[in-house]
Amino acid sequence: MVEPVIQSRVEPTSGSTEPVIALAAARKVYRSGSLEFEALRGIDLEIVEGEYVAIMGPSGSGKSTIMNILGCLDTLSSGTYRLGGDDVNDLDEIDLAQIRNQRIGFVFQQFNLLPSLSAWRNVELPMIYGKVHRDERKLRAQRALERVGLGDRLANRPGELSGGQQQRVAVARALVGEPTMILADEPTGNLDSVSTRDVLGLFDELHELGRTIVLITHEIEVAERARRIVRVRDGEIVTDEVNAA
Ligand SMILES: Nc1ncnc2c1ncn2[C@@H]1O[C@H](COP(=O)(O)OP(=O)(O)OP(=O)(O)O)[C@@H](O)[C@H]1O
Ligand SMILES: [Mg+2]
C-alpha cells in the first residue's frame, strides 16, 4: 500500500530546535569577466524544521540567490551553509543531487514543466531519478495531481493547462517525492488571485503536515501566509520577524 501523497506527516527528527537550515556569514559574489557583483553580503539565517518562512525584498535584493543556495543549486563564495547539520561544502555532487531529489521540493515562478510531457509524466520525473518503480510512480503522480485538484487533467500537456493549473502541476511535482522541505521562488508571481489562493492553500496544508517551507515573494499578502517574514535588501537581511497577522 502506497501512502497517499502529502497526507503523511513529517515528524521532527532533531527535537525540532536544531536548525535544518543554517546560513552563517553567507556571501555570494557573481563574477562575469572582470565584473564582480556581491549579491549576498553576509547573511545569517537559521530555519528550524517545520517552520514556514517568507523571504521578501525588492527585485535584485538577492532572494533567488538565497533560494539557489538553500536548494544546493549554487554555492557560497564565503561563509557556511549547513543543511540538516551537514556543511554543504563537504558534500560531493552525488550527495547534493540526492539531497535536491529527496529532501527538497522546488517550485518556481516559471513552473519549469517539460512542455512535451503530460501532467502526470511531469510529476513522475523526480521519481524516475529517484529510482521508484514504474507502477508506483504513476500511482503516486496521479495521487499528487488529485491532491492539487487536477485529477481530471492527468493526460494534458502544460500548454493545454491554465497558468494556475500548471503551477499546481509544479506543486504536485515538488511534493510527490515527499520532501521535508519546500523551496518556492515567487510561486504565485504568474498567477491570478484564485490560483494564488489555491497554491497558498496547498502550502498551508503542507506546513500543517510538518513540512519546512521557504517562500520567496515580493508581495506582502503572500508573505503574510507565513509564520515568519525575513526581509532582504541589497544582499542583507534587514528584518526577521514573527508574523503577527
Ligand atoms: N549569474 C549572475 N551573474 C551576475 N549577477 C547576477 C547573477 N544572478 C543574479 N545576479 C545579480 O545579483 C543580484 C540578486 O539577484 P537575485 O536574482 O537573487 O534577485 P531577486 O531578489 O531574486 O530579484 P527578483 O525579485 O527580480 O527575482 C541582482 O542584482 C542580479 O543582477
Ligand atoms: Mg528572483
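Every number for a ligand or one of its atoms is a count from 1 in the order of the listing.
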Task: Ser32, portion touching ligand 1 at heavy-atom distance under 4.0 Å - done: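 Within the 4.0 Å criterion, Ser32 makes no contact with ligand 1.
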- [ ] Using a distance threshold of 4.0 Å (strictly less than), state whether atom 31 (O) of ligand 1 has a protein heavy-atom neighbour.
- [x]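 Given the 4.0 Å cut-off, atom 31 (O) of ligand 1 does not count as touching protein heavy atoms.
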Open item on the list: Does any N or O of ligand 1 fall below 3.5 Å from an N or O anywhere on Gly62, backbone included?
Closed with: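 Min N/O separation from ligand 1 is below 3.5 Å for Gly62.
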Open item on the list: If you measure every N or O of His218 against every N or O of ligand 1, does any of those distances drop under 3.5 Å?
Closed with: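 Min N/O separation from ligand 1 is not below 3.5 Å for His218.
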Task: Atoms in ligand 1 flagged as close to Pro58, the criterion being non-hydrogen separation under 4.0 Å - done: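 Atoms satisfying the 4.0 Å criterion: 21 (O).
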Task: Sub-4.0 Å atoms of ligand 1 with respect to non-hydrogen atoms of Ser61 - done: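 Near Ser61, meaning under 4.0 Å from one of its heavy atoms, ligand 1 has 19 (O), 21 (O).
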Got the closest protein heavy atom to [atom], with its distance?
atom                    : value
atom 25 (O) of ligand 1 : Lys63 NZ, 2.7 Å
atom 26 (O) of ligand 1 : Ser59 OG, 2.6 Å
atom 27 (O) of ligand 1 : Ser64 OG, 3.9 Å
atom 23 (O) of ligand 1 : Gly60 N, 2.8 Å
atom 18 (O) of ligand 1 : Thr65 OG1, 2.6 Å
atom 4 (C) of ligand 1  : Tyr30 CB, 3.3 Å

TODO: Determine whether any heavy atom of Gly57 lies closer than 4.0 Å to an atom of ligand 1.
DONE: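 Contact absent.
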Quick one, [X] and [Y] - any side-chain contact, counting heavy atoms below 4.5 Å?
X      : Y      : value
Thr80  : Asn89  : no
Asn112 : Phe106 : no
Leu200 : Thr188 : yes
Val232 : Met56  : no
Val214 : Ile21  : yes

TODO: Determine, for Arg100 against Glu93, whether the closest basic-nitrogen to carboxylate-oxygen distance falls under 4.0 angstrom.
DONE: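 Salt bridge: yes.
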Open item on the list: Which residue in the set Arg211, Arg228, Arg227 passes salt bridge (Lys or Arg N to Asp or Glu O under 4.0 Å) when paired with Glu51?
Closed with: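 The passing option is Arg228.
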Open item on the list: Which residue in the set Lys138, Arg134, Arg140 passes salt bridge (Lys or Arg N to Asp or Glu O under 4.0 Å) when paired with Glu136?
Closed with: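 Going through the options one by one, the only one that passes is Arg140.
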Open item on the list: Can you tell me if, anywhere in Ser64, an N/O/S atom lies at a distance from the Mg ion (ligand 2) that is smaller than 2.8 Å?
Closed with: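 Yes, Ser64 qualifies, because one of its backbone or side-chain N, O or S atoms lies under 2.8 Å.
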- [ ] May I ask you to decide if the ring planes of His207 and Tyr52 are parallel, tilted or perpendicular, using 30° and 60° as cut-offs?
- [x]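 Rings of His207 and Tyr52: tilted, 30 to 60°.
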